[in-house]
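As structure tokens, the structure follows; a few thoughts come after it.
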Amino acid sequence: MSFPLLTATAALPAIGAVATAAVPAARRAAAKWLALAFSLGTLVLAGIALVRFEPGGSRYQLTESHAWIKDFGVRYELGVDGIGLALMALTALLIPFVILAGWHDADPLETSSSRWRPTQGFFALILMVEAMVVLSFVATDVFLFYILFEAMLIPMYFLIGGFGDRAHAGSDENAAAQRSYAAVKFLLYNLVGGLIMLAAVIGLYVVTGTFSLTEIAEARADGSLSMATSTERWLFLGFFFAFAVKAPLWPLHTWLPNAMGEATTPVAVLITAVVDKVGTFAMLRFCLQLFPEASKWATPVVLVLALISIIYGALLAVGQRDIKRLIAYASISHFGFIILGIFAMTSQGQSGATLYMVNHGISTAALMLVAGFLITRRGSRLIADYGGVQKVAPVLAGTFLIGGLATLSLPGLAPFVSEFLVLVGAFAAYPAVGIIATTGIVLAAIYVLVLYQRTMTGPVKAEVQGMADLKVRELVVVVPLIALLIFLGVYPKPLTEIVNPAVQHTMSDVQKKDPQPEVEAAK
């Protein structure tokens, strides 16, 4: 039996979570280093998976299959395609930076000796989220995926509600109330989506007699499985609703600004750069593969919702006064682009959507983490409380600018490639949709450049006069992310080679071919 690499990649952070939580309360530093070591070990295993994966090989590789709940036909089945592999690698890459960025976020508050902030619990919960997210990207049993999809809400709930933004430290009662509201809203929205998905999962089993994604795909291919049109559409809606909440897609998005605003900066990165990707990934993995006809039936409505997300999120970002909420609304706009690429049903659009998931994770992590370092120094999230930062902290301002330019998809940085492919794919199939979606690019330039202008340029405000520049630990967090944004912006081939074969399989599932360009014959 070959080494269960996918299980090991998910199990290592889970073991690390238990080990970190067991560290004695007085040894907070040891807990931090232990959590970091386990996250780096997970990154090594993910790197091995990247090396062992053959882009031109079978659809699902590094597979594992074991009986789990025999009476209900549930199996522990894992397998990774190019899309899942890219997102698993993204998760493993970001978690060490999340841990380093949050190095002091769960330390006891000096202003309140009665409040003990459980440092060990903070880092243990982060590792537990990583384990569940990694496993969700490689699960090929629908029931197993559902368990992970719901279970990751528990550690996220405690991370949002139990560890608030340090900028609120001066008003404990109000901050606690806002954190509690954000955490409960996050939990309720996602639980409702999950419960609807559970009904659809049960319905899928009743219709197919199995939870295995590969068995259902094979039965569809050989014609031994057929669903009534109405049944397939209802099941699709059950799955899609849950994924649209997680993504999030307008109008199911309202939990995200609250959760990102009230969480610590590393947890905000965890939400939008890691956890939310499970929703868009699942649209590709489950909605299109399990319900191809229903996916095509729902495409016009989904494209409209994606367009609304793009423009609505960008407009609200333009009007924000809070730095973290601005980034949250910008992410809603970006998720609109991702979903647009998925449901454009073209190879360019779906490749772009997958690249967008990866590149958005890196660019948002870079921008949000630098913003977090800025907020920690000033103690405020309000844009109006800043000004002239580039004169006193030029490195901080420079990295903030690069993160912002990546967010607006500047050519030469990684998100540009993915956004360009999404728009090309959308325009090829639905020209009007592609044209309207470009409005999001213009609005992105406005909210990013205005944010930079108001915080970094102009006269130096008295409150930022003595602001320190980035320290070594902070540079270790930010510089690799920026380097990766530049590398993938100039040379995206390593990522596209992994992703494109999986996209072709998805296109085959929905029986779609790329529209041929109309070229007038030469006279």
Side-chain angles (χ1 to χ4, degrees), residues 101 105 111 164-179 181-182 253-254 256-269 271-272 311-334 363-408 442-470 474 478:
D105 283 4
T111 57
D165 190 345
R166 303 287 280 209
H168 282 313
S171 53
D172 288 350
E173 292 184 3
N174 182 51
Q178 292 183 31
R179 287 200 308 272
Y181 173 78
H253 68 284
T254 59
L256 182 64
N258 295 105
M260 288 184 63
E262 300 307 320
T264 64
T265 299
V267 173
V269 171
I271 294 169
T272 190
I311 299 172
Y312 175 82
L315 285 173
L316 288 184
V318 170
Q320 286 301 306
R321 296 179 296 173
D322 182 307
I323 297 174
K324 291 175 70 174
R325 290 179 72 90
L326 184 152
I327 298 173
Y329 281 112
S331 290
I332 292 170
S333 181
H334 295 150
S363 62
T364 299
L367 180 61
M368 179 63 85
L369 291 175
V370 177
F373 298 148
L374 179 70
I375 291 167
T376 299
R377 284 160 167 75
R378 174 66 177 83
S380 172
R381 301 186 335 221
L382 296 179
I383 297 172
D385 289 340
Y386 296 87
V389 174
Q390 68 179 11
K391 296 178 182 177
V392 297
V395 177
L396 188 154
T399 53
F400 189 84
L401 177 61
I402 296 174
L405 293 177
T407 298
L408 64 81
V442 178
L443 294 173
I446 294 173
Y447 61 70
V448 168
L449 296 178
V450 169
L451 172 64
Y452 183 83
Q453 179 190 32
R454 293 179 178 176
T455 55
M456 302 296 165
T457 65
V460 180
K461 289 200 172 184
E463 293 82 1
V464 303
Q465 186 68 52
M467 183 175 289
D469 215 333
L470 293 182
E474 296 165 336
V478 176

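- Taking every heavy atom of both residues into account, L396 and L374 meet most closely at CD2-CD1, 3.8 Å.
- Residue Q320 holds its CD atom at 11.0 Å from CG of L382, rounded to the nearest 0.5 Å.
- The CG atom of L326 lies 9.5 Å from the OG1 atom of T407; values are rounded to the nearest 0.5 Å.
- Smallest separation of non-hydrogen atoms from V269 and A365: CG1-CB, 3.8 Å.
- Using modelled atom types, one side-chain atom of R378 and one backbone atom of D385 make a donor-acceptor pair closer than 3.5 Å.
- The two residues A397 and Y452 have their closest heavy-atom pair at O-CE1, 3.5 Å.
- Looking at F400 and T455, their side chains come closer than 4.5 Å, going by heavy atoms from C-beta outward.
- Between M368 and I327, the closest heavy-atom pair is CE-CG2, 3.7 Å.
- The side-chain heavy atoms of V267 and D105, taken from C-beta on, include no pair separated by under 4.5 Å.
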**Asked** Could you walk me through whether I375 and K324 pass the side chain to side chain contact (heavy atoms under 4.5 Å, CB included) check?
**Response** CA-CA 9 Å; I375 291 167; K324 291 175 70 174; 3.7 Å; yes
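- Considering CG of L408 and CG of L451, their distance stands at 11.0 Å, rounded to 0.5 Å.
- Rounded to the nearest 0.5 angstrom, Y386 OH and R454 CZ are separated by 15.0 Å.
- Here the shortest heavy-atom pairing between D469 and V395 reads OD2-N, 3.1 Å.
- Between T272 and S331, the side chains place a donor N or O and an acceptor N or O closer than 3.5 Å (distance only, hydrogens not considered).
- For R381 (side chain) and G261 (main-chain N/O), a donor-acceptor pair under 3.5 Å exists by modelled atom type.
- Going from atom OG1 of T254 over to atom CD1 of I332 covers 8.5 Å, rounded to the nearest 0.5 Å.
- The CD atom of E262 sits 8.0 Å away from atom CZ of R325, with the distance rounded to the nearest 0.5 Å.
- For the pair F373/T399, no side-chain contact is recorded, criterion being any heavy-atom separation below 4.5 Å from C-beta on.
- In this structure S333 satisfies the side chain to side chain contact (heavy atoms under 4.5 Å, CB included) test together with I310, A314, F337, sequence neighbours excluded.
- A donor-acceptor contact shorter than 3.5 Å is absent between the side chain of K391 and the backbone of P459.
- Using a 4.5 Å cut-off on side-chain heavy atoms (C-beta onward), M467 and V460 make no contact.
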Result block: side-chain N/O donor-acceptor pairs under 3.5 angstrom for residues 442-450, not counting sequence neighbours:
none

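- Residue Y329 comes nearest to L316 through the heavy atom pair CE2-CD1, 3.3 Å, listed as atom of the first residue, atom of the second, then distance.
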